[in-house]
There are 2 protein chains.
Amino acid sequence: MPPTMRAAIITAPGAPDVLAIQPRPIPTPGETEVLVRVVGSALNRADLVQRAGGYPAPPGVPADIPGLEFSGIVDQCGPAVTNWAPGDRVFGLVPGGAHAEYLVTDCRTLARVPDSLDLHTAGAIPEAFIPAHDALRQAQFKRGERVLVHAVGSGVGLAAVQLIRALGGIPYGTARSAPKLDAARALGMEDGWIPERAEDNAPRFAEQVTAATNGKGVDVILDLVGGAYVAEGVRALAMRGRLVLIGLLAGPSANVDLRRVLSRRLNVRGTVLRARALDERIEFTTAFVQEVVPLIAEGQLRAIIERSYNLDDIAAAHAELGGNDVAGKLALHIADEALS
Amino acid sequence: MPPTMRAAIITAPGAPDVLAIQPRPIPTPGETEVLVRVVGSALNRADLVQRAGGYPAPPGVPADIPGLEFSGIVDQCGPAVTNWAPGDRVFGLVPGGAHAEYLVTDCRTLARVPDSLDLHTAGAIPEAFIPAHDALRQAQFKRGERVLVHAVGSGVGLAAVQLIRALGGIPYGTARSAPKLDAARALGMEDGWIPERAEDNAPRFAEQVTAATNGKGVDVILDLVGGAYVAEGVRALAMRGRLVLIGLLAGPSANVDLRRVLSRRLNVRGTVLRARALDERIEFTTAFVQEVVPLIAEGQLRAIIERSYNLDDIAAAHAELGGNDVAGKLALHIADEALS
């Protein structure tokens, strides 16, 4: 019998109670892959959507094990791997399968965990800081620019606020509750708003943003919300502003003012990390290692963990994140760091 | 009395008959400017909108003289100008004022007219090839890519088709009549369509584009039309496709499928040339000189002039362009080339 590991399994599409911890074979690393013993991870909204049946894993990824980020210890290296050795402390993103005791991933999609950081904290970092960093890079964000972050109390949102400050920008934000705005303010957010709703139920924030930026608008919007937020965002952007769409919580379409897109020379782009090819995953990991990990090591950036769950309690973690009251991340402890 | 020139004047907002030829003082070149004796120009849709009162000239530009492109002969140089001398044959874009016997413009926003080209033809080139080239650059167009051009029978559209072929791409197009598609096919368009209208009056071309590109869609769309074309364009784009919006003939808003923007990682951006600051006008002129003018000199690219008018007949030219049946450009002869 091959050696097995414990994994969170989506036994059928449905509510949190479809999740079960079941044994699975420990995967074998390919030529350029490493086998990682997972110590930490965290929950993300995509896990909930995948559990409900709406976000199937890409080809080559375990279809029934959720989990997009991990920290852990290198256990075994594929024959062509030269940059890692067993025992190395690593973290990174995977397109799925992180909510299990072991995973395999390409050796160029891993980052070294700074000595100052414990692995349980490290496990809640990749799917917050990598998407935030990648979105800022896609927006060609520059020092001194103003950036509006929607869903600013989310894991990605709170990472973005810290990153924007650390890189010399001015972060603004929207959220649906005062505690989420407070969490963002504590991390450096300049100003933030709970969008009012107009008669047509569309969110309103452009006027507040314009007033807070001396009439100019923001240079960049990181939009994790989509829907009518995109249309209102177009009204909140400065000349040559860029809106990066990275989520669709508020819906799949927007009625966009093209006159403004044209006359202000705006740029609206969509992005997803999960479906990217290996060369692009290597690219964003490299950028993370060079530009973000040093700031984490210095303590300038930190994971904001609202609560931690053990792997056995993953259904409860899903239920809590689904309640929309979480500011920051729900961490998942897969194993003890010391265990080896 | 200062020396005067003849200029097309918008005497009041309105129909073509508000245009009159009137005397104006010949402008004086500033420090880094040259005075150009204009020989050729052409009509553009923006001239019509400006005449109707809808597109005021930016600050520092004659408010009542239309005209965005010119060819001519350098007449006089400002004290700091070292790159031009009287007698040089030049062409370029201005934010207004080209439909007159003289204009001043910064010495870094001019290109030298190739010897093989007469000035009357050269006058119809800048506002066709510079916007097409600039839009392709903004789209980060690469050799081998497929590009869909809306309003492909327009001056910019026919320039884009030639440029895409010359740069190693595959041009497709839409237009509202068969003769316009024929004109584009003669210049290298791979395939083209007159968009059918759905029940909601929205144009339909995504299905045809998808079929013509083996199910992939196009990499780039140059959209001179806007409105519902943008929404349909989002459905016609390939993975990581880019839509560059450069006109709004079909209306000022679009209901965009954000799910597709996200999952295909699309990029929608608006652009206008006229309002750009001097440094950007220098930049696009430099790119035009380096990458497009040599292809014009070799005869790989050519102006498509449907008809030519003398300055005195500018009202008739406005009326014809307003009729929407023009494939290519209406040239304007301001003076004889030989005259000097």
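Protein chains get the first letters and strands the later ones, always in sequence-line order, with residue 1 at the start of each.
Neither the backbone nor the side chain of Leu243(A) comes within contact range of chain B; no heavy atoms are under 4.5 Å apart. Residue contact with chain B, scored on non-hydrogen atoms closer than 4.5 Å, involves the side chain of Val230(A) exclusively. Heavy atoms of Leu245(B) lying under 4.5 Å from chain A belong to its backbone as well as its side chain. With a 4.5 Å cut-off on non-hydrogen atoms, Val272(B) touches chain A through its backbone and its side chain both.
Looking at Ile170(B) and Val147(B), their side chains never come closer than 4.5 Å, going by heavy atoms from C-beta outward. Considering only heavy atoms from C-beta on, Ile221(B) stays 4.5 Å or farther from Val244(B) through its side chain. The shortest distance between side-chain heavy atoms of Val220(B) and Val218(B) does not fall below 4.5 Å. Counting only heavy atoms from C-beta outward, the side chains of Val161(A) and Val152(A) approach each other to under 4.5 Å.
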Inter-chain donor/acceptor N,O pairs below 3.5 Å: chain B to chain A:
from: Arg240(B); atom 1: NH1; to: Glu280(A); atom 2: OE2; distance (Å): 2.7
from: Pro252(B); atom 1: O; to: Leu258(A); atom 2: N; distance (Å): 2.8
from: Ala254(B); atom 1: N; to: Val256(A); atom 2: O; distance (Å): 3.2
from: Ala254(B); atom 1: O; to: Val256(A); atom 2: N; distance (Å): 2.8
from: Val256(B); atom 1: N; to: Ala254(A); atom 2: O; distance (Å): 2.7
from: Val256(B); atom 1: O; to: Ala254(A); atom 2: N; distance (Å): 3.2
from: Leu258(B); atom 1: N; to: Pro252(A); atom 2: O; distance (Å): 2.8
from: Arg265(B); atom 1: NH1; to: Glu280(A); atom 2: OE1; distance (Å): 3.3
from: Arg265(B); atom 1: NH2; to: Glu280(A); atom 2: OE2; distance (Å): 2.6
from: Leu266(B); atom 1: O; to: Gly270(A); atom 2: N; distance (Å): 2.8
from: Val268(B); atom 1: N; to: Val268(A); atom 2: O; distance (Å): 2.7
from: Val268(B); atom 1: O; to: Val268(A); atom 2: N; distance (Å): 2.7
from: Gly270(B); atom 1: N; to: Leu266(A); atom 2: O; distance (Å): 2.8
from: Glu280(B); atom 1: OE1; to: Arg265(A); atom 2: NH1; distance (Å): 3.3
from: Glu280(B); atom 1: OE2; to: Arg240(A); atom 2: NH1; distance (Å): 2.6
from: Glu280(B); atom 1: OE2; to: Arg265(A); atom 2: NH2; distance (Å): 2.7

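With values rounded to the nearest 0.5 angstrom, Leu93(A) atom CG is found 4.0 Å from Ile130(A) atom CD1. The distance from atom CZ of Phe205(A) to atom CD1 of Ile194(A), rounded to the nearest 0.5 Å, is 14.0 Å. Distance CG/Leu237(A) to CG/Leu266(A): 5.5 Å, rounded to 0.5 Å. In this structure, the separation between CZ on Phe129(A) and CG on Leu136(A) is 11.5 Å, given to the nearest 0.5 Å.
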